[in-house]
Protein chains: 2
Amino acid sequence: MKRRNTQAQTDILNVLKFTDRALSHEQLQAELEAKVDRATIYRVLNRFCEDGLVHKVMDEDGKQHFAYCAGCDKPNNKHQHNHFHFKCRKCGTVECLQHKIHIPLPEGYVITDFNGMIAGYCKRCAEERDV
Amino acid sequence: MKRRNTQAQTDILNVLKFTDRALSHEQLQAELEAKVDRATIYRVLNRFCEDGLVHKVMDEDGKQHFAYCAGCDKPNNKHQHNHFHFKCRKCGTVECLQHKIHIPLPEGYVITDFNGMIAGYCKRCAEERDV
DNA sequence: TTGTTATTGCGACTTAGTTGCAATAATAAG
DNA sequence: CTTATTATTGCAACTAAGTCGCAATAACAA
Ligand SMILES: [Mn+2]
Ligand SMILES: [Mn+2]
Ligand SMILES: [Zn+2]
Ligand SMILES: [Zn+2]
């Protein structure tokens, strides 16, 4: 199925490309100038995931977040996202932690995907709490 | 708020205690002899989590799974669950991987919780696929 | 310019989980 | 044992995230 260039898609990709965060559908919507339908946003994001432009992470509340694939070595959707994500309980931002991790696997098991989410307080919010 | 002993609670805790898996609400329901209301199951499980008897993990589909706290060092809900979970895409089981992991954190960040989920095929299902 | 079909918007739908409320029952007090 | 207190349950209604069918729109290739 051949892909076409549309406004919605380029807008969405640009938002993701120019942030270092993983955004929920809601957060993404807020960053978009033009209003784009909810279903469309999800369809675009899922297409990006299939194409390996973007990766999806699940937060501890069961909400999906999407991040631009920056340092992803392999092309297409073949690359593994073996890094953790950090979600701040206060400001709600989800970020990709750059540190690559090694995933231990029992003998005979096969991995297809990985989702690692750390929850807590980011530096900024942690400092505010200390006060 | 003082806790009371009820049938539903002991049944649910027993199911979790005698399996090495993390169960979704649905899987748990299926293991219960007596029928227990969906809302009650969730309420019981959340209470167990608060009390540190059980821990909750989110799978990559955004579905909650609950596992008995076996090797959890610290008491109450203060302990960290610094181990990965593995979900088989074929048979659907979620298991706690015993290997304790170290979670890398940027300077100044504070962790409160961790959710690590590996998806793939368990040994049994992987072997069937090879055939 | 026109035809094909990928993409969009809208509304309806699904599924997981939560919540309000009245009924039930565990525990403590008398 | 009897009664009072209130944690727990079941039910139904609700919420929120995400998906899907379908008709309208618009890329893009011919
Ligand atoms: Mn990431
Ligand atoms: Mn576990
Ligand atoms: Zn923060
Ligand atoms: Zn399996």
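Quantities reported herein were computed from a predicted structural model and do not represent experimental measurements. In what follows, chains are A, B, ... by sequence order, proteins preceding strands, each numbered from 1.
Remark: the Arg38(B) side chain and the dG17(C) base include a donor-acceptor N/O pair separated by less than 3.5 Å. Not a single donor-acceptor pair, N or O on each side, falls under 3.5 Å between the base of dG18(D) and the side chain of Arg43(A).
Shown for residues 13-31 of chain A: no residue has heavy atoms falling under 4.0 angstrom of DNA chain C.
OP1 or OP2 of dT18(C) has not a single side-chain nitrogen or oxygen of Tyr42(B) nearer than 4.0 Å. For dA26(D), the OP1/OP2 oxygens have no side-chain nitrogen or oxygen of Asn5(A) closer than 4.0 Å. At least one side-chain nitrogen or oxygen of Lys63(B) sits closer than 4.0 Å to the OP1 or OP2 atom of dA16(C). Between Gln64(B) and dA16(C) there is no side-chain polar atom (N or O) within less than 4.0 angstrom of OP1 or OP2. For Asn46(A) and dG18(D), the shortest distance from a side-chain N or O to OP1 or OP2 is not below 4.0 Å. When the side-chain nitrogen and oxygen atoms of Arg4(A) are compared with OP1 and OP2 of dT25(D), none of them lie within a distance under 4.0 Å.
Minimum atom distance to the side chain of Asp37(B) is reached by dG10(D), of the listed dG10(D), dC10(C), dT8(D). Listed nucleotides dT5(C), dA7(D), dC11(D) differ in distance to Met1(B); the shortest reach to its side chain belongs to dA7(D). Relative to the side chain of Val44(B), the nucleotides dG10(D), dT9(D), dG21(D) differ in distance, and dT9(D) lies closest. Proximity note for Ala8(A) (side chain, C-beta onward) versus dT8(C), dC11(D), dC20(D): the nearest is dT8(C).
Using a 4.5 Å heavy-atom threshold, the side chains of Glu33(B) and Asp11(B) count as separate. Taking the side chain as every heavy atom from C-beta outward, Leu23(A) and Val94(A) never approach each other to under 4.5 Å.
No more than 12 heavy atoms of other residues, nucleotides or ligands lie within 6.0 Å of CZ in Arg124(B), so this atom counts as exposed by the packing criterion.
Mapped onto DNA chain C by nearest heavy atom, His65(B) and Lys2(B) fall at different nucleotides, with His65(B) at the one closer to the 5' end. Between Thr40(A) and Met58(B), it is Thr40(A) whose nearest contact on DNA chain C lies nearer the 5' terminus.
As a whole-Å value, the separation of Arg47(B) CZ from dA26(C) C1' is 12 Å. Summarising the geometry, the separation between CD on Glu60(A) and P on dA17(D) is reported as 14 Å, rounded to the nearest angstrom. Distance Asp61(B) CG to dG18(D) P: 12 Å, rounded to the nearest Å. The nearest whole Å value for the distance from the CG atom in Asp59(B) to the C1' atom in dT15(C) is 13 Å. Atom CZ of Arg3(A) is separated from atom C1' of dA26(D) by 17 Å (rounded to the nearest Å). The nearest whole Å value for the distance from the CG atom in Leu45(A) to the C1' atom in dG18(D) is 12 Å. Summarising the geometry, the separation between CD on Gln7(A) and C1' on dA6(C) is reported as 16 Å, rounded to the nearest angstrom. Put simply, CD on Glu50(A) is 13 Å from P on dA6(C), counting in whole angstrom units.
Checked by atom type and distance alone, the side chain of Thr10(A) pairs as donor or acceptor with a backbone atom of Thr6(A) at under 3.5 Å. Under a 3.5 Å cut-off, the side chain of Ser24(B) and the backbone N or O of Gln64(B) do not form any donor-acceptor pair.
In this structure Asp37(B) satisfies the side-chain contact (heavy atoms from CB on, under 4.5 Å) test together with Ala39(B), Thr40(B), sequence neighbours excluded.
At a threshold of 4.0 angstrom between heavy atoms, the contacts of Thr6(A) are confined to the sugar-phosphate backbone, with no base atom among them.
No donor-acceptor contact under 3.5 angstrom links the side chains of His102(B) and Asn82(B), judged on distance only. Side-chain contact annotation: Gln9(A) with Arg47(A), donor-acceptor N/O pair under 3.5 Å present.
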